[in-house]
Amino acid sequence: RPSIHEKLGLDRQRGLTRVLIDRMSVDEALQETAIPGLRVLCAGPLPPNPAELLSSEYMEQLISYQEKFYDYIIIDSAPVNIVADTLGLLKLVDGIVMVVRQNYTSHPNIATALTKYELIGANILGFVLNGIETNQDNKYKSQYYAYRNQHD
């Protein structure tokens, strides 16, 4: 369920599948964002065979070629425990940053994903915790003050 195009206000039709299937040029498909220095290649229309496309030789050539022009290439992929598409990308990346959502991603799901990555020999760079509840700071402060006042 690609959504980067929505969050950044970009044209989803100009995307990776158009480059891989229709042979649209990457320069035509890449889109500038409001963030200086950030260009995005959206997913494009959903293909019937995403895993096959992402693990194709053409995809490998595409990433290899783009490495000449960019310091960092970040690939936002589907969760490894939900679809197999992600595993085909592992041969193309230097490392993985795993995104987990607070109060949503379970420890068994994280362990399963890490096992899959380990079996393939993936380089885990770290984790990003998203969906953090901003009111938790006040919750912990109030618990601390309640504890402190009871024990003074």
Side-chain angles (χ1 to χ4, degrees), residues 1-24 26 29-141 143-144:
R1 298 182 318 199
S3 62
I4 293 290
H5 65 283
E6 292 172 358
K7 292 174 177 42
L8 297 175
L10 303 174
D11 177 8
R12 178 179 176 172
Q13 297 306 310
R14 290 174 44 200
L16 181 61
T17 54
R18 297 284 312 280
V19 172
L20 295 175
I21 295 172
D22 301 335
R23 301 296 195 237
M24 173 187 273
V26 177
L30 279 167
Q31 298 177 65
E32 296 291 336
T33 68
I35 302 165
L38 179 66
R39 297 178 78 197
V40 174
L41 178 60
C42 296
L46 291 178
N49 54 347
E52 185 179 319
L53 281 176
L54 294 176
S55 61
S56 71
E57 186 177 323
Y58 190 56
M59 178 68 177
E60 192 170 343
Q61 292 170 359
L62 173 69
I63 297 295
S64 179
Y65 182 73
Q66 292 305 309
E67 287 175 335
K68 298 174 187 175
F69 303 104
Y70 296 98
D71 294 328
Y72 300 98
I73 297 174
I74 299 170
I75 301 173
D76 180 21
S77 68
V80 70
N81 290 343
I82 295 176
V83 291
D85 306 0
T86 302
L87 296 175
L89 292 170
L90 293 179
K91 66 181 180 185
L92 307 177
V93 300
D94 296 326
I96 296 167
V97 176
M98 195 166 157
V99 179
V100 295
R101 185 180 302 159
Q102 179 183 8
N103 298 327
Y104 183 82
T105 309
S106 69
H107 288 194
N109 282 341
I110 294 169
T112 299
L114 290 174
T115 299
K116 289 178 183 180
Y117 291 141
E118 185 179 322
L119 289 171
I120 296 172
N123 180 22
I124 306 293
L125 300 174
F127 293 83
V128 170
L129 178 64
N130 73 1
I132 296 173
E133 297 174 12
T134 56
N135 63 350
Q136 277 198 344
D137 191 35
N138 292 335
K139 175 181 155 186
Y140 291 124
K141 281 182 186 175
Q143 288 175 349
Y144 168 76

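Note that the structure is predicted; figures quoted are calculated from it, not measured.
If you take CG on L114 and CG on N109, they are separated by 11.0 Å, rounding to the nearest 0.5 Å. A distance of 8.5 Å separates CD of E32 from CG of L38, quoted to the nearest 0.5 Å. Rounding to the nearest 0.5 Å gives a distance of 5.5 Å between CD1 of I35 and CG of L8. For the atom pair CG (L41) and CD1 (I73), the distance works out to 10.0 Å, reported to the nearest 0.5 Å. Rounding to the nearest 0.5 Å places CE of M24 at 11.5 Å from CG of L16. For the atom pair CD1 (I120) and NZ (K91), the distance works out to 11.0 Å, reported to the nearest 0.5 Å.
Two residues are said to be in side-chain contact when any heavy atoms from C-beta on lie closer than 4.5 Å; P45 and Q13 meet this criterion. With a 4.5 Å cut-off on side-chain heavy atoms, M59 and L89 count as touching. At a threshold of 4.5 Å between non-hydrogen side-chain atoms, the residues L90 and V80 do not count as touching. Taking the side chain as every heavy atom from C-beta outward, V97 and I74 never approach each other to under 4.5 Å. The shortest distance between side-chain heavy atoms of C42 and V40 falls below 4.5 Å.
Here side-chain hydrogen bond (donor to acceptor under 3.5 Å, both in side chains) pairs that include residues 62-71, with residues two or more places apart or in two chains, are R39-Y70. Within the structure, the side-chain hydrogen bond (donor to acceptor under 3.5 Å, both in side chains) test picks out the following pairs touching residues 42-60 (sequence neighbours left out): E57-Q61.
Nearest heavy-atom pair, L53 versus L20, reported as atom, atom and distance to 0.1 Å: O-CD1, 3.9 Å.
Remark: the backbone N or O of L46 is not paired with any side-chain donor or acceptor of T17 at under 3.5 angstrom. The backbone N or O of A43 lies less than 3.5 Å from no partner atom in the side chain of R12, so there is not a single donor-acceptor pair.
The 12-atom threshold is exceeded at CG of D22, counting heavy atoms of other residues, nucleotides or ligands nearer than 6.0 Å.
No option in I110, T105, I96 other than I110 meets the side chain to side chain contact (heavy atoms under 4.5 Å, CB included) test with F127.
For T33, the side-chain hydrogen bond (donor to acceptor under 3.5 Å, both in side chains) test picks out no residue, with sequence neighbours left out.
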